[in-house]
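Reminder, nothing fancy here: chain letters follow the sequence lines and each chain counts from 1.
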Amino acid sequence: MIDNLVIVESPAKAKTIEKFLGKNFRVTSSMGHIRDLAKKDFGIDIKNNYKPDYIVPNDKKKIVAELNKLVKEANIVWLASDEDREGEAIAWHLSKVLKLSPDKTRRIVFSEITKTAIQESIKTYRTIDENLVNAQQARRILDRLVGFELSPVLWKKVKPSLSAGRVQSVAVRLIVEREREIINFNATSSFRVSGTFEFTDSQNKKHHFKAESHKRFSNKQEAHDFLVKCSTSDFKVLDVIQRPAKKSPSPPFTTSTLQQESARKLGLSVSQTMSVAQKLYESGYITYMRTDSLNLSQTALSAAEKVIRKEYGDQFVNIQHYKTKTKGAQEAHEAIRPTYFENKNIEGSNTEKRLYDLIWKRAVASQMSDALFEKTTVNIEVSNSTEKLVAQGEVLKFEGFLKLYIESTDDENEEESKGFLPPLTANQKLIAGEILAVQKFTLNPPRYTEASLVKKLEELGIGRPSTYAPTISTIQNRGYVLREDRDGKDRQYTILRLNNSKITESLQTETYGKEKSKLFPDNIGMIVNDFLVEYFKEILDLNFTANVEKEFDDIAAGKLEWTKMIDTFYKPFHKQVENTLAVSDYSKGERTLGTDPASGKQVICRMGRYGPIVQIGENIPESNEKARFASLLKGQQLESISLEEALDLFKLPRVVGEFEGSELIAAIGRFGPYIRHNSMFYSLKKGIDDPYKVTSERAIELIKEKRENDSNKTIKLFDDEPQLQILNGRWGPYIAYQKKNYKIPKSVEPAKLSKEDCFKIIKENPEKKKKSKK
DNA sequence: CAGTGAGCGAGCTTCCGCTTGACTT
């Protein structure tokens, strides 16, 4: 017999709590939700006032069976799932599925896992809050209705297997719209003037420093005019303004900020971060990693305080409570923090250690004092101009939390850190050194990274800590969005240089637009987005989630009937679905690019069966006219391809010449440009060869080079067994036989292997397991 | 891996949020 059975959501949490509760309590876990809507017929009886059809999914049956067994033995069952909408629903589903009688069931909640909080919750148990459960049911059913009605519309009107939903479709929209802003962005430039100045102080010591113009000069002529004035000007200090400044530490991590910092500092993707954090949590090193709360428990605060006092001293301590500002935050947990602040280091993999270090530093720093600075601004008078130059300096007076932790930013063009300024006073005469006017271009809005997209979604109140990583994966798996690097492009900028009263002009080259691990919309993402925005404006609205959340709050407060809310939403929505099916065309992102100068026929681009294509002319059976097709290259988008680029696609494959009686053909394939000869493929060299221009001489050179390499590749052949080869590969020597490759054990010398030895290795090699499809 | 693009149609796909392994590489 079990006196008290406590059910929480996660096994790691169960283990911790069991320690706090003593012998009369048995703690187990439900592993999250144990029931969900059936997939058949929506799992909702729409005609019967949206009656949900809940089932226990197969992978939860085992857990439910175990729980049933434990419940039978228990006197009292304590439902201790999280203190939020989903947690309340989990408790309710448990009570239904396990058929818990009200007299032996108690609902408890605690928002931090500490002994006092848990013992307190046991004293203040309650019953299940039906209103809160109804708010969750409304949330669940709304998501199911939206997802399962919209997705099939896409199957019929765009492409099978696509998906749409309240969260993912808005995520895709953000990326598509940002890309269009970037495509339509026109960089403008202006000139920024900066110079070095020199003076000698009363002790005869020389100092120099840098200052720059407040004003940006809109063109070269204006900048030049200013430099001309400077060339005959005297310079002196107009005034020196000093003011104190401070910088406060960031709050401890939530899921979203952890994902952002871990991407910036450790280069991890959103899902990598979560799986490493999961490991740390299961090992008991950190608190729960899916949270939107900034709160730290009293116990945690005291522990942090102790560490700071010991390691840095009393003046570094500044214990404070952070308040969550995020829309729709549910605050069922603490912020992410080390379980034991005393543990500065942990055991584990390299990545686990580094992520733990980040979490530890961030949590400790959040309880440390502000960093104090003194900022100095020096205005400099230019005698021949009304423009002033400004020098700014910053001196750190007290390190505070900066001793431990500096948060990174996504801003790639952050101001370089301001340094120390020499002691300047008003009226100090200055001698100008070199003065430069440098052309600076405006920057396009930044593309999203996985982590900055999570940040944006969180700001909009869309999605939850447990779904950020899966959502980011879904939109990539559907092909809506690609995570890619892009090479930068070169551009020239002008520098005007004033030195010894002479102005010289020079051109320099800079790289811009280089991208690393950024999210780009792919063709299908843009087509789906445009379709959904056109026909389902309300759901694609960035505020849709925030709007329905208000109604969920009303349901939770008992002010609104959940079925009524769903009905008000569903009736017009469903009508719109039917209307869309009736009126919309098949959506393939078609765009007319212009006319082909050679044939005078129309050139269009669109989505074809195997991907995006360009098409010249049409298939007209009566006149025997055939359309010509060409696939877009990787990286080209239907959205932005020009007529010229489209026509270029038809120039390949191109016959370059002849060699050994066979044609040399240049083309571009999946792995880049190549030369085909006798059904063999020879890659063109990146950055050197151009498939449109490559000559037959160069092609033959490449073929000979490859043959030479291939002959070095061969270690041993067998006359009586031509299929068997011993070769040298990228990872060392291997055996190739019937299109399969086999590793050669390190202990043997490849060249000495006999035919029999090879077959023995082949036989002993374990058959590779087939990739199982989920 | 080096190309394709018509049309028919059975049977399938799909949501968000709460969890942790079971799977590969």
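- Contact between the side-chain N/O atoms of A:R464 and the OP1/OP2 oxygens of B:dC18 is found at a separation under 4.0 Å.
- Taking atom CD of residue A:E9 and atom C1' of nucleotide B:dC18, one finds them 6 Å apart after rounding to whole Å.
- One interatomic measurement links the two molecules: NZ of A:K15 to C1' of B:dT19, which rounds to 16 Å at whole-angstrom precision.
- Contact check, A:R290 against B:dT20: a side-chain N or O comes under 4.0 Å of OP1 or OP2.
- Contact annotation for A:R35: no contact, since no heavy-atom pair falls under 4.0 Å across all strands.
- Remark: A:K571 engages A:D567 in a salt bridge, criterion side-chain N to carboxylate O under 4.0 Å.
- A salt bridge links A:E88 to A:R107: one of the charged nitrogens lies within less than 4.0 Å of a carboxylate oxygen.
- The stretch residues 467-476 of chain A participates, sequence neighbours left out, in these side chain to side chain donor-acceptor pair (under 3.5 Å) pairs: A:E450-A:Q476.
- Residue contacts shown for A:G87 are absent, as no nucleic acid heavy atom lies under 4.0 Å away.
- Listed candidates were B:dT4, B:dT20, B:dA2. Nearest to the side chain of A:S631 is B:dT4.
- Considering only side-chain N and O atoms, A:S10 lies under 4.0 angstrom from the phosphate OP1 or OP2 of B:dT20.
- Listed nucleotides B:dG5, B:dA2, B:dT19 differ in distance to A:S466; the shortest reach to its side chain belongs to B:dT19.
- Both thresholds, 5.5 Å between centres and 30° between ring planes, are not jointly met by A:Y610 relative to the base of B:dG3, so the two rings are not stacked.
- Looking at residues two or more places apart in sequence or on another chain, you find a salt bridge (Lys or Arg N to Asp or Glu O under 4.0 Å) between A:D648 and A:K651.
- A:R628 has no side-chain polar atom (N or O) that falls below the 4.0 Å cut-off from OP1 or OP2 of B:dG5.
- Of the residues near DNA chain B, A:A630 and A:P470, the one whose nearest nucleotide (by heavy atom distance) lies more toward the 5' end is A:A630.
- Closest to the side chain of A:E86, from the set B:dG3, B:dC16, B:dG17, is B:dG17.
- The stretch residues 605-615 of chain A participates, sequence neighbours left out, in these side chain to side chain donor-acceptor pair (under 3.5 Å) pairs: A:R606-A:Q615.
- Counting any heavy atom pair closer than 4.0 Å across all strands shown, A:G611 reaches a base atom.
- Distances from the side chain of A:Q168 to the nucleotides B:dA2, B:dT14, B:dT19 place B:dT14 closest.
- With sequence neighbours left out, the ring pair (Phe, Tyr, Trp, His ring centres under 6.0 Å) criterion links A:F681 to A:Y674.
- The aromatic rings of A:F569 and A:F573 sit parallel, their planes meeting at an angle under 30°, below the 60° perpendicular limit.
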Identify each atom pair where a protein N or O and an N or O of nucleotides 6-9 of chain B are less than 3.5 Å apart, giving names and distance.
none

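- In terms of the side chain to side chain donor-acceptor pair (under 3.5 Å) criterion, A:N523 has no residue partners (sequence neighbours excluded).
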Show me the donor-acceptor pairs, under 3.5 Å and distance only, between side chains in residues 31-44 of chain A and residues at least two apart or in other chains.
| residue | atom | partner | partner atom | Å |
| --- | --- | --- | --- | --- |
| A:H33 | NE2 | A:E86 | OE1 | 2.8 |
| A:R35 | NE | A:H93 | ND1 | 3.0 |
| A:R35 | NH2 | A:H93 | ND1 | 3.0 |
| A:D36 | OD1 | A:R140 | NE | 2.8 |
| A:D36 | OD1 | A:R140 | NH2 | 3.3 |
| A:D36 | OD2 | A:R140 | NH2 | 3.4 |

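- Residue A:Q278 places at least one side-chain N or O closer than 4.0 Å to OP1 or OP2 of B:dT20.
- Residues meeting the side-chain contact (heavy atoms from CB on, under 4.5 Å) test with A:D530, sequence neighbours left out: A:R180.
- Secondary-structure stems of DNA chain B, taken as three or more successive Watson-Crick or G-U wobble pairs (i with j, i+1 with j-1) under a 3.5 Å distance threshold, are lacking entirely.
- Regarding A:Y281, its OH atom lies at a distance of 11 Å from the P atom of B:dG21, rounded to whole Å.
- One can place CD of A:E282 at 6 Å from P of B:dG21, the figure rounded to the nearest angstrom.
- The CD1-P distance, from A:I462 to B:dC16, rounds to 11 Å in whole Å.
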Side-chain polar contacts of residues 62-71 of chain A - donor-acceptor pairs under 3.5 angstrom, sequence neighbours left out - could you list them?
none

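- For residues 144-164 of chain A, proximity to DNA chain B is found at A:R144, A:G147, A:F148, A:S151, A:P152, A:W155, A:P160, A:S161, A:L162, A:S163, A:A164, defined as any non-hydrogen atom under 4.0 angstrom from a strand atom.
- By the ring pair (Phe, Tyr, Trp, His ring centres under 6.0 Å) test, A:Y281 is found to be paired with A:Y288, residues two or more places apart in sequence or in another chain being considered.
- Across every non-hydrogen atom of A:G617 and A:E625, the tightest pair is CA-OE2, 4.3 Å.
- Spacing of C1' atoms, B:dG9 relative to B:dT13, comes out at 16 Å, to the nearest Å.
- Residue A:F42 contributes atom CZ, which lies 14 Å from atom P of B:dC16 at whole-angstrom precision.
- Taking atom CD1 of A:I141 as the reference point, atom P of B:dG17 lies 15 Å away to the nearest angstrom.
- For B:dC18, the OP1/OP2 oxygens have no side-chain nitrogen or oxygen of A:R85 closer than 4.0 Å.
- For the OP1/OP2 pair of B:dG17 and a distance below 4.0 Å, the side-chain nitrogens and oxygens of A:Y468 include no atom meeting the criterion.
- The distance between atom CG of A:L632 and atom P of B:dT4, rounded to the nearest whole Å, is 16 Å.
- A:R85 has a carboxylate O that lies under 4.0 Å from a charged side-chain N of A:E549, or vice versa, which qualifies the two as a salt bridge.
- Using a 4.0 Å heavy-atom distance criterion, A:G32 is classed as a base contact.
- Heavy atoms of A:R166 sit under 4.0 angstrom from primed sugar atoms or phosphate atoms, though from no base atom.
- A:R676 has a side-chain polar atom (N or O) that falls below the 4.0 Å cut-off from OP1 or OP2 of B:dG3.
- Counting non-hydrogen atoms under 4.0 angstrom, A:T545 reaches nothing in the nucleic acid.
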